[in-house]
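Hydrogens, waters and symmetry mates are skipped; everything else that's a heavy atom, side chains included, is used. Just so we're clear, the structure is a prediction, and the values are computed from it rather than from any experiment.
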Amino acid sequence: QKAEVSIMLDSTFSSLFTSASGITLGSFLICIGVALVLGTVMALVYTFRTVCSRSFTVTLAMLPAIVCVVIMMVGGNLGAGVAVAGTFSLVRFRSTPGTAKEIGAIFTSMAVGLACGMGFPGFGLIFAAIMCVVSLLYTLIGFGGPRHAKLRRTLRITVPEDLDYPTVFDDLMMQYTTEAVLTDVKTTNLGSLNRLTYDIVLRKAGTEKAMIDELRCRNGNLEINMMVRGAEEGETL
């Protein structure tokens, strides 16, 4: 019985392309089907607590199958397959900026597609399962994120050009934040206005409105913008 189990495991994780005729219709469909299923699962895992476009999610789901076909069509030549598939995957990043998480998801999908394309859907399944579990775990525990992530904000204040901005907001920053760093100053409206950008950590949640109301009294009721830190990169808290 142990021998039968061992033979079954060996057959599960051995290449499907062992016949003399190379790729058969059955093995082709199996690899494409597994690649599509794994790609869909990985796309769903990626969207967990992450804001991304629908087109990127669909592409992520289809990419393993695309890479799988590329590898099969080049006759298992891994070097040529990686070169072609890599060109496909980098097209997106030549048109729009990609975050580090998106780049990681792209290469994970490529790896799964490579495994399926070489005729090892079993190994592709194991790798996809491991990466999905690790991704979910890191997201849930906030791995790599800053402390007090839910209280971190990016604050942009527009002030008149003649306002002494380095010190005018100090007391309000001490009252409402535990950390406030002026990271950027930009002139606007032909130099008649300055736009200040702060990275801040609120003392407690729910004080945004009160803080903005007091800031408006200091900046002449000009534009003030406060957003969650990291929102521009597609992350959600």
Side-chain angles (χ1 to χ4, degrees), residues 42-60 92-93 95-106 131-237:
M42 289 189 296
L44 293 175
V45 170
Y46 176 81
T47 57
F48 179 69
R49 293 189 179 180
T50 302
V51 179
C52 61
S53 65
R54 181 173 178 268
S55 62
F56 179 75
T57 305
V58 173
T59 301
L60 196 60
R92 177 182 188 273
F93 300 105
S95 56
T96 59
T99 65
K101 188 174 183 179
E102 288 178 345
I103 296 173
I106 286 287
M131 297 307 293
C132 286
V133 170
V134 170
S135 178
L136 287 173
L137 180 62
Y138 284 171
T139 300
L140 289 172
I141 66 176
F143 179 78
R147 297 180 58 191
H148 312 298
K150 293 184 178 181
L151 297 176
R152 301 181 76 90
R153 301 287 187 273
T154 296
L155 176 65
R156 294 192 176 100
I157 309 173
T158 302
V159 300
E161 186 272 337
D162 58 350
L163 185 69
D164 185 21
Y165 61 81
T167 59
V168 70
F169 302 117
D170 286 355
D171 58 330
L172 295 180
M173 296 299 179
M174 292 181 61
Q175 178 182 350
Y176 289 101
T177 72
T178 58
E179 178 182 330
V181 179
L182 179 61
T183 59
D184 185 64
V185 179
K186 180 181 179 181
T187 61
T188 61
N189 198 26
L190 299 178
S192 62
L193 300 174
N194 289 326
R195 181 170 296 166
L196 316 177
T197 301
Y198 290 87
D199 286 341
I200 65 173
V201 179
L202 297 173
R203 289 191 179 274
K204 59 181 180 180
T207 59
E208 292 91 343
K209 184 179 184 305
M211 182 179 183
I212 290 175
D213 287 343
E214 294 204 39
L215 288 172
R216 288 169 56 196
C217 297
R218 305 283 181 91
N219 79 330
N221 203 28
L222 295 173
E223 180 183 2
I224 296 176
N225 183 295
M226 184 183 295
M227 68 181 67
V228 176
R229 188 93 59 83
E232 296 175 336
E233 298 181 359
E235 298 291 336
T236 59
L237 301 175

Side-chain touch Arg152/Glu179, heavy atoms, less than 4.5 angstrom: yes

If you look only at distance, which donor and acceptor atoms sit under 3.5 Å apart when one is on a side chain in residues 191-202 and the other is two or more places apart or in another chain?
from: Ser192; atom 1: OG; to: Asn189; atom 2: O; distance (Å): 2.8
from: Ser192; atom 1: OG; to: Asn189; atom 2: ND2; distance (Å): 2.9

If I take atom CG from residue Leu140 and atom OG from residue Ser135, how far apart are they, to the nearest 0.5 angstrom? 9.0 Å

To the nearest 0.5 Å, tell me how far Tyr176 OH sits from Ile212 CD1. 10.5 Å

Is there side-chain contact between Arg218 and Leu172, with heavy atoms separated by less than 4.5 Å? yes

Please determine whether the number of non-hydrogen atoms from other residues, nucleotides or ligands lying under 6.0 Å from atom CG of Leu137 exceeds 12. yes

State, with a plain yes or no, whether a side-chain heavy atom of Tyr165 is found less than 4.5 Å away from one of Asn219. no

d(Glu214 CD, Asp171 CG) to nearest 0.5 Å is 8.0 Å

With sequence neighbours left out, what residues match Asn221 under side-chain hydrogen bond (donor to acceptor under 3.5 Å, both in side chains)? Arg216

For the residue pair Met227 and Asn225, establish whether any side-chain heavy-atom pair is separated by less than 4.5 Å. yes

Side chain to side chain, Ile157 and Leu155, heavy atoms closer than 4.5 Å: yes

Give me the atom names and distance for the closest heavy-atom approach of Ala43 to Leu60. CA-CD2, 4.0 Å

CD (Gln175) and CG (Asp170) are apart, to the nearest 0.5 Å, by 13.0 Å

Report the residues that fulfil ring-ring contact (aromatic ring centres under 6.0 Å, His included) with Tyr46, sequence neighbours left out, ordered by chain and then residue number. Phe56

Salt-bridge contact Arg153-Glu208 (side-chain N to carboxylate O under 4.0 Å): yes

Taken to the nearest 0.5 Å, the spacing of Met42 CE from Thr57 OG1 works out to 13.0 Å

To check you understand the geometry: which heavy-atom pair defines the closest contact between Ala205 and Leu151, and what is its length? N-CD2, 3.6 Å

Taking the side chain as every heavy atom from C-beta outward, state whether Val159 and Leu222 have any pair of such atoms under 4.5 Å apart. no

Atom pair CE/CG of Met173 and Leu182 - distance to nearest 0.5 Å: 8.5 Å

Check: Glu223 and Arg156 side chains under 4.5 Å, non-hydrogen atoms: no

